[in-house]
Amino acid sequence: MYNLVKEGSFVCEKLLCGVSREDITPPVGGRLFGYRDNVFSESVHDNLNVTAFAFSQGNTKAMMISATVCSVSIAVDEEIRQKISDETGIPFGNIILGATHTHSGPNTSGGVGWGDIDREYCDSIFIPRIYKAATDAFKSLVPVKMGFAIGNSLVGINRRQLGVNNEAGLGQRPWGPFNPKMTVVTFKSDEGNTVGNMIFYGCHGTSAGMNHEISRDWSGIMCDSVENVSGGLTGFFVGPEGDVGPRLTNGRTTGNISYTEELGGLAASDAVRIYRQIVGVSDIVLSCACTELRIPLQNRISREEAKKLYDETEGETVNIKGRYNNYARNVLSSYDEGYVNKEYIPHMQTAIRLGNIVFISFGYELFSEVGMRINEYATNCEVISLALANGSAGYFVT
């Protein structure tokens, strides 16, 4: 039996952690997901990967997985987490699968306006390799201590640029909401070796723009640098990024692969600096919860409003306008089919607490102000809201 740990009034066994990684790079020629449905890869700039962190303490087991793709559909996410749960015994609700939100990876999410999910890639590469990384991580558990540090980074900036008539477009909005916090967590063995690291920051992975190279975007360069310094596998988990894009020197939040390398260097410098500010590691207590969040719904728009929106977007099939047109069509159909307004939609959330940090899953592109408000109200712990974690159901706006 491992040594006992005491934290507050809790006494339990030491925390165990295992980390494993698999390559999930798709074949060249597939669709790159995030902007429109006709962007295809022509080369590999840097390989995609999945990094799994398994945790165990007494009877409590949990897992956090970082996959370097744009987003993962709810159905695929649940398929993966159930498969991992069946094999490892980790409760389904204690598993967080997060996407890093690179727009230079395969389509694992799908959706109107963005093209169909790449099911062949999911079945042959994505799902089996996440499963292998997860099970290997669970098999490699060792006693660890944890440390973390928080610093600021200007990698991101609010991307809802306002025009002269107050219309919103993609760009840089220096006065808009933006959380500069970057958190680096490290797990060390009893011998002082780095078992693994996790980095948390809220920003889109769009620095490469509508490029034709497969890439993890700026966060990949950052993770590689922390790995080189620490000697441990490092995974990135994106925070509230719905309205935050990369702060590029071209004045926009999209560019090309050279901007990825430029911004990745800045992110790497910040993450390494923060990693080196971790002054010590300590024994901590693991706990988990899975609860239902009820998101209140407004009543649907009127038939007249839906018809106007449909007419304004008629013929649109790509990105937001394509989704608007599909939404308007569905609303019009609902009036003919006897739809009854609902008060809320349920959204299951996983919370994993490691010492004084609580990681909470949001299956949405959470806007930055929402995450900052949660932080403001949580006074007895450090809350890290994870965007695009355990599925993807669209934007969660302020």
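The first residue in the sequence is number 1, and the count goes up from there.
- If you check the side chains of E262 and T249, you find a donor sitting under 3.5 Å from an acceptor.
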Full working for side-chain contact (heavy atoms from CB on, under 4.5 Å) between L354 and F187
CA-CA 11 Å; L354 290 167; F187 302 96; 4.0 Å; yes
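- Checked against the 6.0 Å centroid criterion, the rings of H347 and Y364 qualify as a close aromatic pair.
- No side-chain donor-acceptor contact under 3.5 Å links S85 to the backbone of R81.
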Between D86 and K83, does the salt bridge (Lys or Arg N to Asp or Glu O under 4.0 Å) criterion hold? Intermediate values first, please.
CA-CA 5 Å; D86 292 342; K83 187 176 178 66; over 6 Å; no
Is there a ring-ring contact (aromatic ring centres under 6.0 Å, His included) between F33 and H103 once you walk through the steps?
CA-CA 6 Å; F33 181 72; H103 277 42; 7.4 Å; no
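- Other residues, nucleotides and ligands contribute only 12 or fewer heavy atoms inside 6.0 Å of the CD atom of E343.
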Before giving the answer on side-chain hydrogen bond (donor to acceptor under 3.5 Å, both in side chains), spell out for S104 and N211 the whole-Å C-alpha distance, their side-chain angles and the decisive distance to 0.1 Å.
CA-CA 7 Å; S104 300; N211 58 303; 3.0 Å; yes
Distance-only check: which donor-acceptor pairs under 3.5 Å involve side-chain atoms of residues 371-392, not counting sequence neighbours?
from: E382; atom 1: OE2; to: K181; atom 2: NZ; distance (Å): 3.3
from: N390; atom 1: OD1; to: L97; atom 2: N; distance (Å): 2.8
from: N390; atom 1: ND2; to: I95; atom 2: O; distance (Å): 3.2

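- Between K308 and D311 there is no salt bridge, since none of the side-chain N atoms of the basic residue sits less than 4.0 Å from a carboxylate O of the acidic one.
- Among all heavy-atom pairs drawn from A268 and S225, the shortest one is CB-OG, 3.2 Å.
- Residues N341 and L297 form no side-chain contact, since every pair of their non-hydrogen atoms from C-beta on lies 4.5 Å or further apart.
- For the 3.5 Å distance criterion, the side chains of S258 and N256 qualify, holding a donor opposite an acceptor.
- Nearest heavy atoms, Y395 versus F367: CD2-CE1, 3.9 Å.
- At a threshold of 4.0 Å, the pair D190-K14 counts as salt-bridged, since one of the basic side-chain nitrogens sits closer than that to a carboxylate oxygen.
- Under a hydrophobic clustering in which Ile, Leu, Val, Met, Phe, Trp and Tyr are joined whenever their side-chain heavy atoms come within less than 4.5 Å, directly or via other members, F200 and I150 fall into the same cluster.
- Counting heavy atoms of neighbouring residues, nucleotides and ligands inside a 6.0 Å radius, atom CD of E120 does not exceed 12 of them.
- Side-chain contact between L15 and F55 is present, with heavy atoms from C-beta onward closer than 4.5 Å.
- Side-chain polar atoms of N197 and T234 form a donor-acceptor pair below 3.5 angstrom.
- A donor and an acceptor atom, one from each side chain of R323 and N326, are nowhere located under 3.5 Å apart.
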Evaluation steps, side-chain contact (heavy atoms from CB on, under 4.5 Å), between T253 and I157
CA-CA 8 Å; T253 55; I157 188 170; 4.3 Å; yes
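- A 4.5 Å side-chain heavy-atom check between L16 and V144 finds every atom pair outside the cut-off.
- The environment of CG in D123 is crowded: more than 12 heavy-atom neighbours from other residues, nucleotides or ligands sit within 6.0 Å.
- How far OH of Y310 is from CG of N325: 5.5 Å, rounded to the nearest 0.5 Å.
- The residues E79 and R119 are annotated as salt-bridged, a charged nitrogen and a carboxylate oxygen being separated by less than 4.0 angstrom.
- Side chain to side chain, S368 and N179 fail the donor-acceptor criterion of an N or O pair below 3.5 Å.
- Clustering ILVMFWY residues whenever any of their side-chain heavy atoms sit less than 4.5 angstrom apart, transitively, puts Y275 in a cluster other than the one holding I221.
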The test is side-chain hydrogen bond (donor to acceptor under 3.5 Å, both in side chains); show your working for T51 and R21 and say whether it passes.
CA-CA 4 Å; T51 309; R21 170 175 292 163; 3.0 Å; yes
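- A salt bridge is absent between E305 and R303: the closest approach of a Lys/Arg side-chain nitrogen to an acidic carboxylate oxygen does not fall below 4.0 angstrom.
- The existence of a salt bridge linking R216 and D224 is confirmed by a sub-4.0 Å separation between a basic side-chain nitrogen and an acidic carboxylate oxygen.
- Below 30°, between 30° and 60°, or above 60°: for F53 and F237 the angle between ring planes is between 30° and 60°, a tilted geometry.
- L266 and M182 end up in the same hydrophobic cluster when Ile, Leu, Val, Met, Phe, Trp and Tyr side chains are linked at under 4.5 Å.
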Take R173 and D243 through the salt bridge (Lys or Arg N to Asp or Glu O under 4.0 Å) test and state the conclusion after the steps.
CA-CA 10 Å; R173 183 184 171 198; D243 56 348; over 6 Å; no
List the steps, then state whether side-chain hydrogen bond (donor to acceptor under 3.5 Å, both in side chains) holds for Y131 with E87.
CA-CA 9 Å; Y131 173 72; E87 174 65 23; 3.2 Å; yes
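- Both tests pass for R247 against the ring of F178: distance under 6.0 Å to the centre and angle within 45° of the axis.
- Residues S230 and T194 have side chains that never bring a donor and an acceptor to within less than 3.5 angstrom of each other.
- Clustering ILVMFWY residues whenever any of their side-chain heavy atoms sit less than 4.5 angstrom apart, transitively, puts W218 in the very cluster that holds V229.
- Of all heavy-atom pairs spanning I84 and I130, the tightest one is CD1-CG2, 4.3 Å.
- A heavy-atom distance below 4.5 Å is not found between the side chains of V72 and S109.
- P246 and L263 get closest at one heavy-atom pair: CB-CD2, 3.2 Å.
- When atom types are taken as modelled, the side chain of N158 and the backbone of P177 share a donor-acceptor pair closer than 3.5 angstrom.
- Between E191 and S189, the side chains place a donor N or O and an acceptor N or O closer than 3.5 Å (distance only, hydrogens not considered).
- No side-chain heavy atom of I284 sits less than 4.5 Å from a side-chain heavy atom of K145.
- Residues R129 and E22 come closest through the heavy atom pair O-CG, 3.4 Å.
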For S41 and H212: C-alpha separation, side-chain torsions, deciding distance, then whether side-chain contact (heavy atoms from CB on, under 4.5 Å) applies.
CA-CA 4 Å; S41 66; H212 296 280; 5.9 Å; no
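- When all heavy atoms of C70 and G34 are compared, the pair lying nearest together is SG-CA, 4.3 Å.
- Hydrophobic clustering (ILVMFWY, side-chain heavy atoms < 4.5 Å, transitive): F236 and V50 are in distinct clusters.
- Looking at D23 and T25, their side chains do bring a donor and an acceptor atom within 3.5 Å of each other.
- Note on R160 versus E167: no salt bridge recorded, every NZ/NE/NH1/NH2 to OD/OE distance being 4.0 Å or above.
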Output, in order, the C-alpha distance, side-chain angles, deciding distance and verdict of side-chain hydrogen bond (donor to acceptor under 3.5 Å, both in side chains) for S207 and T260.
CA-CA 5 Å; S207 64; T260 294; 2.7 Å; yes
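- Counting heavy atoms from C-beta outward, V28 and V44 have side chains that approach closer than 4.5 Å.
- With a 6.0 Å radius and a threshold of 12 heavy atoms from other residues, nucleotides or ligands, Y324 has its OH atom at or below the threshold.
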Could you go through the side-chain contact (heavy atoms from CB on, under 4.5 Å) check for L332 and K307 one step at a time?
CA-CA 7 Å; L332 289 171; K307 182 63 167 62; 4.3 Å; yes
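- Residues F396 and E365 fail the side-chain proximity criterion, which asks for heavy atoms closer than 4.5 Å.
- Side-chain contact between S73 and T108 is absent, with no heavy atoms from C-beta onward closer than 4.5 Å.
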